[in-house]
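This structure is in structure tokens; I'll ask about it shortly.
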Amino acid sequence: MTVSKKYPEHKNVELSQVSTEILDFWKKNSIFEKSISSREGQPSFTFFEGPPSANGTPGIHHVMARTVKDIFCRYKTLKGFQVKRKGGWDTHGLPVELQVEKELGITKDDIGKKISVEEYNQKCREAVMKYKSQWDDLTEKMGYWVDLEHPYITFENDYIETCWYLLKQLYEKGLLYKGYTIQPYSPAAGTGLSSHELNQPGCYRDVKDTTVVAQFKAVDFNSPQEGKVYFLAWTTTPWTLPSNAALAVGEKIEYALVKTLNPYTHQPVQVILAKALLGKYFQEKGKDGDFDSYRAGDKVIPWTVVAEYKGAELVGKKYEQLLPYVQPEAPAFRVIPGDFVSTEDGTGIVHIAPTFGADDARVAKAAGIPAILVDGEPLVDKRGRFLPQVQDEVFGLGGEFVKEEYLSDAEKAEALELQKEKLAGIIAKLDKYMSVDERIALKLKLGNQAFKVEKYEHSYPHCWRTDKPVLYYPLDSWFIRTTALKGRMSELNKTINWKPESTGTGRFGHWLENLVDWNLSRSRYWGTPLPIWRTEDASEERCIGSVSELKEEIKKSLALLDSFDLPAERKAQAREYMSEALKKGIHDLHRPYVDYIILVSPDGKPMFRESDLIDVWFDSGAMPYAQWHYMGDSKALPFNGGNTPAFPADFISEGVDQTRGWFFTLHALSTLLFDSVAFKNVVSTGLVLDKNGVKMSKRLGNVINPFETIGQYGPDATRWYMIGNAPPWDNLKFNLDGVTEVLRRFFGTLQNTYSFFALYANLDGFTYAEKDVPLEKRTESDRWILSRLHSLIQLTDKAYADYDATVAVRAIESFVCDDLSNWYVRLNRKRFWKGEYSSDKMAAYQTLYTCLETVAKLASPVAPFYTERLFQDLNGVSKKDRSASIHLADMPVADTRCIDTDLEQRMAYAQQLTSLIHSLRKGNSLRVRQPLSKMLVPVLNENFRKQIAAVQDLILSEVNIKVLEFVDDSSGILVKKVKPNFKKLGKEYGAKLKEVGAIIQAFTQADILTLEREGRFQTKLSDGTPVSLSPEDVEISFEDIPGWLVASAGSLTVALDITLTEELKQEGVARDFVNRIQNLRKDMGLEVQDKIELQVVRHSESVSQALIQHQAYICAEVQALSLELVNDSRTADLIEMEDFQLAVDVQVIKTAPAPGKKSVTKKESSLATKKSKAKTPSKSKYKTASSSQKKTVKKATKSASKAGSVTKKKTEAKKKTAVKKASVAKKQAAKPIKKAGKKTQVEKGKKKIASPVKKKSTKKVVAKKSTTKKVAAKKVRTKKATTVKKKSNTKTVSKKAVARTTVKKSTKKKTAKKVN
RNA sequence: GGGCUUGUAGCUCAGGUGGUUAGAGCGCUACACUGAUAAUGUAGAGGUCCGUGGUUCGAGUCCACGCAGGCCCA
């Protein structure tokens, strides 16, 4: 940035523009690179970037996630760490494939047919980076610092090679195995279906199935009543009942044991089912009915509840196998807990067939229940037929299709003949094929094993290719045995600092406790291939861990290739590819190439690659190692070129939806491979919803475009809003109004404060060249704001260190708005613009400078752009910090010597007292301009008195009161009251507190005095318990003081003397007068240095007195060379005072800086130039780019249309002449006007703006508008505008624009009335 | 159905370890200030702290059971 001795004074600040400029600055000066290189040799802070996928466009939630990442990396940099952050791209996986399929208009089946795998994967490779430029653009624009030049990309060979390396490590540890999992499977098509395929429209169809509520006979069930006990379980797939191995109950669900009769066999039974579902199976009429009188066939079956159990009590109960065709290999047939059990339908007890349900398999495994298998195979084969072992003498089953739909009509007819024969003894005339389900149901009915059989319509998935029902079926897959280290993962998880904690202990912790093995297999094309080669009989296999290892194996295999018993074509393909690979290297580890490779087993048999790809989540979980192409080497951990291992990460952050995604895969792999956590601190961010709390979706059209938002409001405001509004782990209701508010409130205030500083610092030539004014020589308020500042440093540093940026942001915001701007600057304004360049003034500049610069640094992690600008603006002049950028600087360090809690306390008193007095004044219609003589502050102790005394000047000037007096007991006018200190007394007296409280409340003044003087008050409770109270046991405050206006807040009380002496009144008049003249000057468009002469037409004696008395004061304030009382004036303006009017003639004196004037004048004149510069029409404060543009445009057109061809180069002199003329041209005779009567405040307020002067000024407005834009703009923001707006009742969005348009009219109207 | 999470003013949010008058910003109403000025300040109105029970002298805060929203599973 340019070297200058002046602080830049920005006419208008648009954050979006600032950000582009700063971006440019960073680029030109390689600031990001320097932020890393300049920390060489420092301790490193390791950050892992979770790779996004660039096949979709980035959304506003990505801004959120990346802001969080960025903040802490920047913060740690400021704290002196070296923070390398490598960007990355997630490139594999189903979404990419689906997108390509859609674009090409093909399906998975077409791959390898209509399009070669080679071509297909090429398409995927192209598609996956489709939006990379958009992502890079967003990254840059939002100010997310990450290395985009050298990102890791998961499809690159090196990356895949590391994945292979890791897989081999797992393989060698015995943690990689082939097993089965229950998946949707289409027997008709002979293929498994992905969940995506099942979600195709039309897959789920309503079908009517035979369902059975089966009776499972309990073993050794201790019922309070005699008789057999059965568990009732419902199934819509009776064909799975021979595979039943367990029953699942919900542990929290309540169950009932019911005595009743089986509806089919009428045998007495006791059945167990969920209490909530009793009504579904039993009629109310039969409740506690008479069992003896029941006869077979009676409609109402008697029943009675014998006992009740919680699900947990039933767990472990045993029962007899329902259909004992095949025996389990280990003990089974127990009741087990099932987290998925509900009481929505069925019986609240779920039949578990571990081979045919995913839940079933899971809970069975967890409970140690074996599956029912024959030689390791499920009871139904891959074509959908029962194994021969499932053979029933009467009902058949063995070798039959379990679903009717799998049979052709001819097959059904054939089967019917057989059934007629076999079922002759049961069904006389069978005329229709009976499905497997129906026959099983029938068998159970007859055997007293079914409680209810019915047709039931429900939705069931069908294969989209064959239209036949899908079965859930065990299919082969490769797994990582995560369960082996489940305990260790939980243990390590406890050492991770989770933000928020609940995500770690709750969501993630519970998930780890219920972990199942990680299914790695995916039958797709675009992804990391599983590097395992197997012989066809699966007897031998080899896991490949690197490219070089693969090459070695290829060499061996090439030698033996000819001997393999394989088609010549296949061998030729293998030979060609493998020889090529040896010669030129392996160019691509993806399919189809890896599949060309045939390896040889130690026994000399050919081995083929297992066709699976691995889960993309493995890719991202491998990122800590693969991003550096870690291959074990000689190092135990991956390094990133530095001296310390780049593992584990100190910090990561992603959306909470990654809990079971990236967070898990990172954690699992690091635990399995390195027995370590992968990250020490993690912030899981919440969702970004629209402003109504609805998820953003393209369909609803409530999506926020991040580019537009950043472009319009700037990245800083967007980031600040996102972090400050709510903690990032809560969901964020993203409301653009909130961003506007941040813009205005925080950035606007900060910029205003800087502008204020720059304006005067430039005039005084303050460059911070002088030595620091020692703390003890600074004013009370200087030391106060510095104390607050250092408290702020402490707080923000702690918050950042704790990964809680929200706390930091809120504290900074409150400091800037409340402490710095609204209190410090407001109180100290005059120190900046009055007087010589003294040590006191220097102290003020230094203090304000320090605050601004420190705040910039503290806020820089969150708002990197604007704070850079602020830093450059300040530091460009002072050169106090040698860093070239704020992001290369050091985090401010709190100096505890600056922190003075007493001082902070008394300033708080000052603020409270001020507020109380304002409130009193307001309540009594005493404007602040009216000085008052005295205020009283009751004091309890010497310390309090000292505290207040230290800030009393400040209070007095703030509230315009002459004297502050303390009152204590000796004054005799104080009446005290006491309140029990419940917190303290509660601990001591507990239940007796009420009585003690009553005693205290009944204290007399004498009692209070006793307590205060003797430090103790003794009494007894009604039950004789002695009570000894100390002053700390009560809180003392004051009653109202008779004859005074009193207000209090907490223990603070203040009394106000509102008697107005003639003297005070006159001073009030003088101040009012100054105020009116200042307004007039402004209306006339005078600059600060313009001098005037005043002639006031005599009013009452007291007014004349007031003006004469305070003549010096008035003249100084309003830049008047003279103030003269005259008897009459033909050219005077009428001004509205509080309750009367004055006629005043204002003569403007030409402003050539008079020779011999003292330097102050000179300065003031240059100040005025500054000011006038600042008042150019586009003096927009913080506004959105568009709104400010709009406004500027609007103004321009407006003034252009009115101004015609008049250029804005009209001279100041001309302008003033215009004023003068208007003033002279005024024909109003000046006459003191008697007040018409008592006016209300409101009237007064309105009146004030309606003086004839305004009429003139209105004319002037027109005149000026035709001359310059500048004046027009100035005009527009006079008090009138606001007041008229209010009056016109244009509510809410009427905005100033509307008000402005009404200004002229209503003023005129008002004026006219007045004049008449 | 389960796990986690949220519920405080019209809106967005604060409210260590329980303490008797529940706060802020925005918005609204009114007023003030007028050399930071399209800025700012002050005041006012606005609360069943989601509900019901419980523990306690005392519950927005602790416990239980619900209700409603969200996320992730099933």
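Owing to the predicted nature of the structure, the values given are computational and were not obtained by experimental measurement. Quick note on labels: first sequence line is chain A, next is B, and so on, each numbered from 1.
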Looking at the side chain of A:Pro727, which of B:rC26, B:rA14, B:rG41 is the nearest nucleotide?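 Selected nucleotide: B:rA14.
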
Please determine whether any donor N or O and acceptor N or O are separated by less than 3.5 Å between the side chain of A:Ser821 and the base of B:rA36.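 Answer is yes: a donor-acceptor pair is held.
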
For the side chain of A:Ala726, starting at C-beta, report the closest nucleotide among B:rA36, B:rA74, B:rC13. B:rC13

Closest to the A:Lys983 side chain, choosing from B:rC26, B:rG41, B:rG19: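 Closest nucleotide among those given: B:rG19.
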
Picking from B:rA74, B:rA14, B:rA36, which would you name as closest to the side chain of A:Phe756? B:rA36

Residue list, side-chain contact (heavy atoms from CB on, under 4.5 Å) with A:Asn731, at least two apart or on another chain: A:Leu687, A:Leu689

Of all residues at least two apart in sequence or in a different chain, which pass the side chain to side chain donor-acceptor pair (under 3.5 Å) check with A:Arg362? A:Asp339, A:Asp359

Any side-chain N or O of A:Asn735 below 4.0 angstrom from OP1/OP2 of B:rU12? no

Of the listed nucleotides (B:rU40, B:rC26, B:rC4), which one gets closest to any side-chain atom of A:Ser502? B:rC4

Under 3.5 Å, is there a donor-acceptor pair between the side chain of A:Tyr845 and the main chain of A:Phe757?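 Here the side-chain-to-backbone pair does not exist.
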
Would you mind telling me which of B:rU40, B:rG3, B:rU5 lies closest to the side-chain atoms of A:His510?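 Nearest to the side chain of A:His510 among the choices is B:rG3.
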
Determine the contact category for A:Arg810: base if any of its heavy atoms lies under 4.0 Å from a base atom, sugar-phosphate if only primed atoms, P, OP1 or OP2 are that close, otherwise nothing. sugar-phosphate

What protein N or O atoms touch nucleotides 63-70 of chain B N or O atoms at under 3.5 angstrom, if any, and at what distances?
from   : atom 1 : to       : atom 2 : distance (Å)
B:rG70 : O2'    : A:Asn731 : ND2    : 2.8

Suppose we screen for salt bridge (Lys or Arg N to Asp or Glu O under 4.0 Å). Which residues come up paired with A:Lys979, at least two apart in sequence or across chains?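 So A:Lys979 forms a salt bridge (Lys or Arg N to Asp or Glu O under 4.0 Å) with A:Glu1035.
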
Does A:Gly506 or A:Asn822 map to a spot on RNA chain B nearer the 5' end, using the closest nucleotide for each?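 Upstream on the strand: A:Gly506.
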
side-chain contact (heavy atoms from CB on, under 4.5 Å) partners for A:Lys733, two or more places apart: none

Heavy atoms under 4.0 Å, any strand shown: does A:Arg829 hit a base, just sugar-phosphate, or nothing?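 Base, at least one base heavy atom under 4.0 Å.
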
Under-4.0 Å salt bridge between A:Asp804 and A:Lys798: no

Could you pull out all residues at least two apart from A:Trp234 that satisfy ring pair (Phe, Tyr, Trp, His ring centres under 6.0 Å)? A:Tyr456

When we call it a touch if two heavy atoms are under 4.0 Å apart, what does A:Gly738 touch: a base, just sugar-phosphate, or nothing? nothing

Within the 4.0 Å heavy-atom criterion, would you say A:Lys979 contacts the bases, only the backbone, or no part of the nucleic acid? nothing

Using a heavy-atom cut-off of 4.0 Å across all strands, would you classify A:Val825 as base, sugar-phosphate, or nothing? base

